[in-house]
Protein chains: 2
Amino acid sequence: MKPVKQRRAPAERPQEILNAALAQFVETGFAGTRLDDVARRAGLSKAAIYLYFDDKLSLFQGVIRQAITANLMTVETMLAAHRGPVAELLPRILEFMAGRIEDTPMASIAKLVIAESRAFPEIGQFYLKEVIGRGLPLLEGLIARGIKQGEFRKVDPAMTVRSLIGAMLLAGLWRTVFEPIGAEKLDVRAMARHHADLMLHALRPAPGA
Amino acid sequence: MKPVKQRRAPAERPQEILNAALAQFVETGFAGTRLDDVARRAGLSKAAIYLYFDDKLSLFQGVIRQAITANLMTVETMLAAHRGPVAELLPRILEFMAGRIEDTPMASIAKLVIAESRAFPEIGQFYLKEVIGRGLPLLEGLIARGIKQGEFRKVDPAMTVRSLIGAMLLAGLWRTVFEPIGAEKLDVRAMARHHADLMLHALRPAPGA
DNA sequence: TATAACTAACTTACCAGTCAGTTAGTTGTA
DNA sequence: TACAACTAACTGACTGGTAAGTTAGTTATA
């Protein structure tokens, strides 16, 4: 007697496959991921994947695309909403990022992009355009505003943003690259707070100004 | 009439293979690298590689091992030698790193490690132990010294070092990941200088202290 | 000529992508 | 309501290409 196979809603199939693929790509990278594994994770056969995606690369692009766009709008609205002093917003942004790093696969996605963008430039270009190209100007504007409002001393906003982001990049890579292979745990939120403190001190106008 | 093949000194063969492999791994990653390509680059047949290395992974490890150890002792002696104020040394260290990022494959190696350490934990662990495990304490000691000498305010040295390094990590990844796919050039040395300026301001003792 | 250095050609394993066939469920008709 | 005709969703088994690793034999030099 065969078990009755309950057919699931096919509308959810692409999403189920994307979820399974995200998990697998994060674990084993692009080349190391077998579509059979993705299929097993999603509770399907490999052939079924090809009903929803053209090929392995399309699936990969779908995974990246979705993971990126999911994380994006939140920051933008967050910044747009705030009107008070920039010095208050900066720590909040860093803490927000820390939360994303600790609680979502954002950092794993970034790692994946870093790892595979040489082989698949479209992936890297997409990330460059959609994440970096949108995020950096936003933060640069924020720094510039702080300078104009007299909260910060005169610094190069573009460079400053990179100093701001660098620490969080390091935190994200620490979590996804080194912790899984035995490195001691890094408290990302604590680091975000500490980094915010450093940055605010770094940007304080000169005492004699 | 065949051209006379002048046989080269076999003692140099492992190094030649390592060089060829480094170039190839940097270009195409671990999985994407064919030993036939490495062989052609080194002016040999694939089979000859197996006379000097056990397998592809050993070769990869050899490449990483060599590239890492080459870059390490310099920093250590540099720090050990210096006895003056830490505030002078900090910018020099960042500039040194910037030089390495711009002029050596160090950043590409780091990228490779990031990309492949999930699949080959030994690689990541080696890097963790030999580079991070030696570099971080060195820098932490430096910050701690600056605090003790009254040059810096009281901050957590471990966290501070991560803020210090983060920006250079970002710079290195920018160069190796995003510039090759069309991102605008980043002046790593200028960024090192700017970051040093920020960090020194961030560490300045409170005005009323 | 002995042997170290080397190679061409091969074997093996793997996996993306395909396809003929199956099963679960729906629709049309009486 | 019954059941035949149909379709969407899916699968197992296969193919073709690729590349790691091996081996039997060749070439250069002491």
Side-chain angles (χ1 to χ4, degrees), chain A residues 1-25 27-64 112 116 118-120 122-123, chain B residues 1-25 27-64 112 116 118-120 122-123:
Chain A
M1 190 164 90
K2 281 188 201 165
V4 177
K5 250 195 224 167
Q6 194 61 38
R7 181 167 285 188
R8 294 159 299 165
E12 294 162 16
R13 213 49 32 84
Q15 190 55 51
E16 288 168 2
I17 295 171
L18 282 173
N19 292 343
L22 170 60
Q24 194 66 39
F25 281 133
E27 268 181 34
T28 53
F30 181 81
T33 289
R34 279 163 302 202
L35 289 189
D36 277 315
D37 295 340
V38 175
R40 189 158 18 81
R41 259 191 141 109
L44 279 90
S45 71
K46 181 177 63 162
I49 293 176
Y50 283 90
L51 298 173
Y52 300 98
F53 296 90
D54 286 347
D55 51 21
K56 193 183 181 184
L57 183 56
S58 303
L59 177 60
F60 187 61
Q61 286 173 323
V63 165
I64 301 285
L112 216 45
E116 308 291 357
R118 184 75 59 124
F120 309 107
E122 325 90 72
I123 303 266
Chain B
M1 191 167 81
K2 280 188 202 166
V4 177
K5 250 196 222 171
Q6 193 64 37
R7 187 164 281 184
R8 294 158 298 165
E12 293 161 17
R13 213 49 33 85
Q15 191 55 51
E16 290 168 1
I17 295 170
L18 283 173
N19 292 342
L22 170 60
Q24 193 67 37
F25 281 134
E27 267 181 36
T28 53
F30 181 80
T33 289
R34 279 163 303 204
L35 290 189
D36 276 316
D37 294 341
V38 175
R40 191 160 14 82
R41 257 191 142 109
L44 276 89
S45 72
K46 179 178 64 160
I49 293 177
Y50 283 90
L51 297 173
Y52 301 97
F53 295 91
D54 286 347
D55 51 21
K56 192 182 181 184
L57 184 56
S58 303
L59 178 60
F60 187 61
Q61 285 174 321
V63 165
I64 301 286
L112 261 182
E116 308 290 356
R118 183 74 60 125
F120 307 105
E122 325 88 76
I123 303 267

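To find a chain, count down the sequence lines: A is the first, B the second, and so on, and within it residues start at 1.
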B:L44 CG to C:dA8 C1', in whole Å, measures 14 Å
B:E16 atom CD is separated from C:dA5 atom P, nearest whole Å, by 13 Å
**Asked** Would you say the base of D:dA19 and the side-chain of B:K46 have a donor-acceptor pair closer than 3.5 Å?
**Response** no
(request) Using a heavy-atom cut-off of under 4.0 Å over every strand shown, decide if A:L51 touches base, sugar-phosphate, or nothing. (result) base
In whole angstroms, the gap separating P of C:dT12 from CG of B:L35 amounts to 19 Å
From OH of B:Y50 across to C1' of C:dT7 the rounded distance in Å is 15 Å
note: A:L59, atom CG; C:dG17, atom C1'; distance rounded to Å ~ 13 Å
Between the OH atom in A:Y52 and the CG atom in A:L18, the distance rounded to the nearest 0.5 Å is 12.0 Å
Flag the pair B:R41 and B:E27 as a salt bridge only when some basic side-chain nitrogen lies within less than 4.0 angstrom of an acidic carboxylate oxygen. yes
CD (A:Q24) and CG (A:D36) are apart, to the nearest 0.5 Å, by 10.5 Å
Side-chain atoms of B:A47 come closest, of D:dT11, D:dA9, D:dT23, to D:dT23
- Task: Would you state whether a donor and an acceptor, one from the side chain of B:K56 and one from the base of D:dG21, lie under 3.5 Å apart?
- Result: no
From CG of A:D36 across to C1' of D:dT11 the rounded distance in Å is 12 Å
Between CD1 of A:I49 and C1' of C:dT18 the distance, given in whole Å, is 14 Å
Output for pair (B:I123 CD1, B:L57 CG), nearest 0.5 Å, gives 6.0 Å
A:R34 CZ to C:dG17 P, in whole Å, measures 15 Å
